[in-house]
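Below is one structure, written out as structure tokens; comments come after it.
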Amino acid sequence: MRSTMMQMPLTVNQILERGNQIFGNREIVSRRPDKSLHRTNYAALYRRSRQLAAALLEAGIKPGDRVATLMWNHAFHLEAYFGIPAAGAVLHTLNLRLAPEDIAYIINDAQDRILIVDDVLIPLMEKVKPKVKLERIIVVPTTGAPVPESYDNYERFIDRDAFNYRYPELDENAACGMCYTSGTTGRPKGVVYSHRSTVLHALGVALPDCLNLSVMDAVLAVTPMFHANSWGVPYAAVMVGAAQVYPGQHMGAIDLLDLMENEGVTLAMGVPTIWLTILQALEAEPTRWKLKKGMRMMVGGSAAPPAMITAFEKYDLSIKHGWGMTELSPVGTLSWLKPEHLGLPLEEQHRIRALQGLPLPLVELRVMGEEKALPWDGKSVGELQARGPWVTGGYYNSPTDPDKFTVDGWLRTGDVASISPGGHMRISDRTKDLIKSGGEWISSVDIENAIMSHPAVAEAAVIAVKHPKWDERPLAAVVVKQGKSVTEEELRRHLEVHFAKWQIPDDWAFIDAVPRTSTGKFLKTKLREDFKSWISRTPG
Ligand code: ADP
């Protein structure tokens, strides 16, 4: 028997319509390049996104064509988030932290037809331009300075009355966006999001136990809009009518804290590096900023050091830890407590909050052993696999890769994890970052977290170095906090509480900064390169 329910395709356009109809006066605040503030609202977002859609159709864009953006986080980028899909086209966000050759590779692979670029990024775009075949380059005058004559001016391009604009008929499975993986493990690969997956993901992240996003919120997206849809929050925020605050290109701790205070931010998202710099700024001047009590800070992209989660509590700020991947739109899990956890000692509650967390509704996870799925016992460790309506089932332009997908249709995440009986997932490493010493696995992440809980340590990354007898041994590369000092011996003693002797590194290096990927993760490939001739001090 079939249901009596209507068949309504889920589209991003419905989010845009709702934003205008119900939340038209909610504000979008963006920092301009000169740090002044640009203010607009959802009614204007609606009008201008539809103008952009109409202009793209007039420029010859057809359903499914790719329109790329090379832009910082601001209201114009949000217009592209809605305007490009409203034309039936595909928003292709380009990571502006990549090298020009990589950006060109990605534009060519995706066959982008039009590029929308911030005026401040013209110098970068000009390095890319000779290597690509773009039909049009449209420059957004974010500084207010005139756009060079050789390019289209975004304001002129969209200037029209789009009051009667009609969206093209859309299949909910049609593509609305695409993003390339950051390529830490080979050439970047394209992940293509559908209207349906984007709407479902927005509903998922907004749920009370997830981000608890509502019309009462003012959301600061520090996570780049050019990578993994800024964790889908721009769409979710318009859906629920939350105000949005964008930092533009100004990601320094002081600028972010000023924005949080002045705009009454209640929820912010960023990678651990951002929150570590914010924590240092707060520790240096604890009374300078009056932040909203209980402000939620979503952290993901790499593991949130547990010590950071507790440190923020002093300031009445609450860290929410989550795990995701470009391939998962990107949010897969978030860590929240259940009623039965509330009676546990505070330390135990912190331990649970520091896990990668529970899968969002509709996301399924399993941990695979050699042959079969392992029990959810909090101990069995294997490869984490995922499936769900916002998990990619393949890559654009690539044949199905058995290294990335199982025959029964699960995504192989490349992460190594365990899951507790109640469903809390814990990542212990990435497959390729595990250290195999004397036939036993050592988790680099566990050692890093323990080193980072030492008060003198700002950051630590642990990699494997070759050893003639033990095969591999851990090397800890440590960044010491400014004005503090610590010795190898003190750090070894600090680890003795948590680890067996053979797991504790004998190899220590004090470095100025941990090398990072374009999205702020530890770049362990570079660290391994830097230490490739290191001779392990562990006796044979
Ligand atoms: P790439 O895989 O190219 O680095 P992504 O930005 O999609 O690009 O990164 C996804 C990966 O980031 C995950 O597979 C995982 O290894 C890591 N990651 C994301 N969030 C977390 C987290 N909270 N804890 C640990 N690792 C994380």
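Whatever order the structure lists ligands and atoms in, that order sets their numbers, starting from 1.
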Close-contact set for ligand 1 against Trp323 heavy atoms, below 4.0 Å: 13 (C), 15 (C), 18 (N), 19 (C), 20 (N), 21 (C), 23 (N), 27 (C)
Contact with ligand 1 for Gly322, non-hydrogen, under 4.0 angstrom: yes
Gly300 N/O under 3.5 Å from ligand 1 N/O: no
Under-4.0 Å heavy-atom contact with ligand 1, by part of Asp415 that carries it: side chain
Donor + acceptor pair across side chains of Gln349, Glu347 (<3.5 Å): no
Nitrogen or oxygen atoms of Gln356 and ligand 1 under 3.5 Å apart: yes
Any N/O pair Gly301/ligand 1 closer than 3.5 Å: yes
Ring pair (Phe, Tyr, Trp, His ring centres under 6.0 Å) pairs, two or more places apart, involving residues 438-458: His454-His494
Near-ring test Tyr193/Tyr235, centroid separation under 6.0 angstrom: no
His467 versus Ser437, side-chain donor and acceptor atoms under 3.5 Å: no
Step-by-step ring pair (Phe, Tyr, Trp, His ring centres under 6.0 Å) determination, Tyr180 to Tyr396: CA-CA 9 Å; Tyr180 277 66; Tyr396 175 71; 7.2 Å; no
Modelled atom types, side-chain donor and acceptor of Thr223 and Ser230, under 3.5 Å: yes
Summary of side-chain hydrogen bond (donor to acceptor under 3.5 Å, both in side chains) pairs that have at least one residue in residues 199-214, sequence neighbours excluded: none
Option nearest atom 2 (O) of ligand 1 (shortest heavy-atom distance, choices Met325, Glu327, His227, Arg430): Arg430
Within reach of ligand 1, part of Ser302 (heavy-atom separation under 4.0 Å): backbone
Gly324 near ligand 1 by a heavy-atom separation under 4.0 Å: yes
Atoms in ligand 1 flagged as close to Ala303, the criterion being non-hydrogen separation under 4.0 Å: 22 (C), 24 (N), 25 (C), 26 (N)
Modelled atom types, side-chain donor and acceptor of Asn95 and His227, under 3.5 Å: no
Close-contact set for ligand 1 against His321 heavy atoms, below 4.0 Å: 22 (C), 23 (N), 24 (N)
